[in-house]
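Because the structure is a prediction, the values reported are computed rather than measured.
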Amino acid sequence: MQFKVSPAANMPSGSSVEIPKHMRAWTHTRSGPPTAVLSLSTIPVPALPTETSVLIRVSHASLHPGAAIMIHLVPVLFRKSPAVAETDFSGVVVAVGSKVPVSLPLSVEEGGSESGRCFPVGTPVFGTVPVGSHLGAAQGALAEYVAVDVGMIARKPSDMPFDQAAALAVSGATAMDVFDAAKLQFSSRCLINASCGGIGHLVVQLTRDAVGTNGHIVGICSEANAATARELGCDETADYKPSTTGETLQQHLAKDHAVDSETAFDAIIDAHGSQELWLAAPTFLKPGNEHPYATVGPKFMAYSMVGMLNAVAKMIGNSATPVWLGGVPRAYSQVASFVDTARLERLRELVEKGQLRVIIGSKWDMDGAPKAYEKMQSGHGTGKIVIKVWEPEMKSTEDMT
């Protein structure tokens, strides 16, 4: 098969392939709260571990609760140290292994149907560090450089800023998986919990496209975020806090969307992990396996071993307890999401088709990482939290010709 070199689109101006020997990174040598155990350190730039690896100069890193849980709970005995924090990133390719594709087959250049995945130096990308590399090789995204297998990156959507692209991988993959688990049809009625959160705001957009204008989406969020939820695609919102009369969220839903009424829900997507919402689901979610309660939960009530065991116990109980022993008489579907090449490419395509965008709730400089973790652990953020490591200056398409 013939190949020809295809230059990286929108290559950052002034980018260099000269790679330093050391870099700044947020690292830790013991488990515990990120704000207590992380330190801004100078460590060696990672080498390419395999022939299919790429070295990325990180532009932005995105915080994710799962990565924070690993910092809290995984003992140093089970991970390489010093460990670099976080997994999701955007950036620019600065070095590639010998088996990384850097050019497109002629059939692709001429409009063929083969994959267009190639990553010459200078390619803007987004991706994630898989858990195995994160724990076993101490690789992390909250650093100036990160080395990952080429299967863990995709080209950055052309019109998406680097900060938004950094937030796509894990949250986007989880959003797609929990959305798929809901089995939504055109015209479905759907309740989405945490509709403005890091995962939920992506779920709302996927759901809006799936159920169409004849469908109906109710988003659970704070009153302050109601306008954002509607902008994303919700038809109405429900405040997760009790009303001034003392009516709880569950009571409100049971009254306005009673299970025996036309306004009952065909599916519930819980992007927060609310045990209370699950227990109350039979009062507003239609029965039957075709009407699932799709969830990312249960939520950790505390970042501790006790909190983890409590969440695992709820997970098992929610999915395995039969109705005759007090189980909830509804279909419970918890996703165990992971990121792979197919999911990354699906996310890229959704963004490029205008079907998905990322909301950045807050952005911090590298030195502000501890404050960013405090914000995330408060549990009341909107969208995603990202940290800027480096801001590439992009050339226009005209400058590349």
Side-chain angles (χ1 to χ4, degrees), residues 62 64-65 160 163-164 167-168 171-172 174-182 184 186-244 247-257 263-274 276-278 280-281 284-285 293-297 299 335 347 350-351 354-363 375-376 378-386:
S62 171
H64 192 272
M160 175 172 263
D163 56 355
Q164 294 181 27
L168 270 177
S171 290
T174 305
M176 290 191 301
D177 285 348
V178 74
F179 162 78
D180 290 343
L184 293 170
F186 186 75
S187 300
S188 289
R189 299 181 61 85
C190 184
L191 175 67
I192 300 176
N193 190 24
S195 57
C196 293
I199 295 171
H201 84 283
L202 301 173
V203 171
V204 171
Q205 297 172 69
L206 296 171
T207 302
R208 181 78 275 165
D209 186 63
V211 303
T213 56
N214 291 334
H216 193 82
I217 303 173
V218 178
I220 299 174
C221 61
S222 67
E223 185 178 354
N225 283 332
T228 299
R230 290 179 181 274
E231 180 188 353
L232 288 166
C234 292
D235 296 292
E236 63 176 289
T237 60
D239 195 335
Y240 65 84
K241 296 179 181 179
S243 69
T244 55
E247 182 182 60
T248 67
L249 168 66
Q250 291 77 27
Q251 290 170 336
H252 164 73
L253 294 171
K255 181 183 67 176
D256 285 11
H257 303 278
T263 58
F265 296 110
D266 296 296
I268 296 175
I269 300 178
D270 186 357
H272 182 70
S274 169
E276 294 78 13
L277 191 68
W278 162 240
F284 40 81
L285 174 63
Y293 185 100
T295 179
V296 300
K299 181 179 174 60
V335 301
L347 287 168
L350 286 168
V351 172
Q355 296 175 320
L356 197 66
R357 63 187 177 93
V358 172
I359 292 178
I360 301 299
S362 63
K363 183 162 65 173
K375 176 71 173 177
M376 182 180 71
S378 72
H380 298 292
T382 300
K384 293 292 294 182
I385 298 173
V386 299

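Inter-residue side-chain proximity for V358 and I360 is flagged as met; some heavy-atom pair is nearer than 4.5 Å. Looking at F284 and L277, their side chains come closer than 4.5 Å, going by heavy atoms from C-beta outward. At least one side-chain heavy atom of R357 sits less than 4.5 Å from a side-chain heavy atom of L232. You'll find the side chain of H64 reaches within 4.5 Å of the side chain of S171, heavy atoms only. The closest side-chain heavy-atom distance from M160 to L168 is below 4.5 Å. With contacts defined as side-chain heavy-atom distances shorter than 4.5 Å, the pair L350/L206 qualifies.
Applying the side-chain contact (heavy atoms from CB on, under 4.5 Å) test to D256 and every residue at least two apart in sequence or in another chain returns H252. In this structure, the side-chain contact (heavy atoms from CB on, under 4.5 Å) partners of T248, at least two apart in sequence or on a different chain, are Q250, Q251. For E236, the side-chain contact (heavy atoms from CB on, under 4.5 Å) criterion is met by H216, V218, R230, H257, not counting sequence neighbours. Remark: R208 engages D235 in a side-chain hydrogen bond (donor to acceptor under 3.5 Å, both in side chains) (not counting sequence neighbours). Residues passing the side-chain contact (heavy atoms from CB on, under 4.5 Å) test with A181 are A294, S333, V335, sequence neighbours excluded.
One distance of note links CG of L202 with OG1 of T174; it measures 9.5 Å at 0.5 Å rounding. To the nearest 0.5 angstrom, L253 atom CG is 5.5 Å from L191 atom CG. The NZ atom of K384 sits 3.5 Å away from the OG atom of S62 when rounded to the nearest 0.5 Å.
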Does the side-chain contact (heavy atoms from CB on, under 4.5 Å) test come out yes or no for V211 and D266, once each step is laid out? CA-CA 11 Å; V211 303; D266 296 296; over 6 Å; no
Got a list of side-chain donor-acceptor pairs under 3.5 Å for residues 192-201, not counting sequence neighbours?
from	atom 1	to	atom 2	distance (Å)
N193	ND2	D270	OD1	2.8
S195	OG	I220	O	3.3
H201	ND1	G197	O	2.8
H201	ND1	G198	O	3.3
H201	NE2	I359	N	3.0

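Counting all heavy atoms, side chain and backbone alike, F186 lies closest to N214 at CE2-ND2, 3.6 Å.
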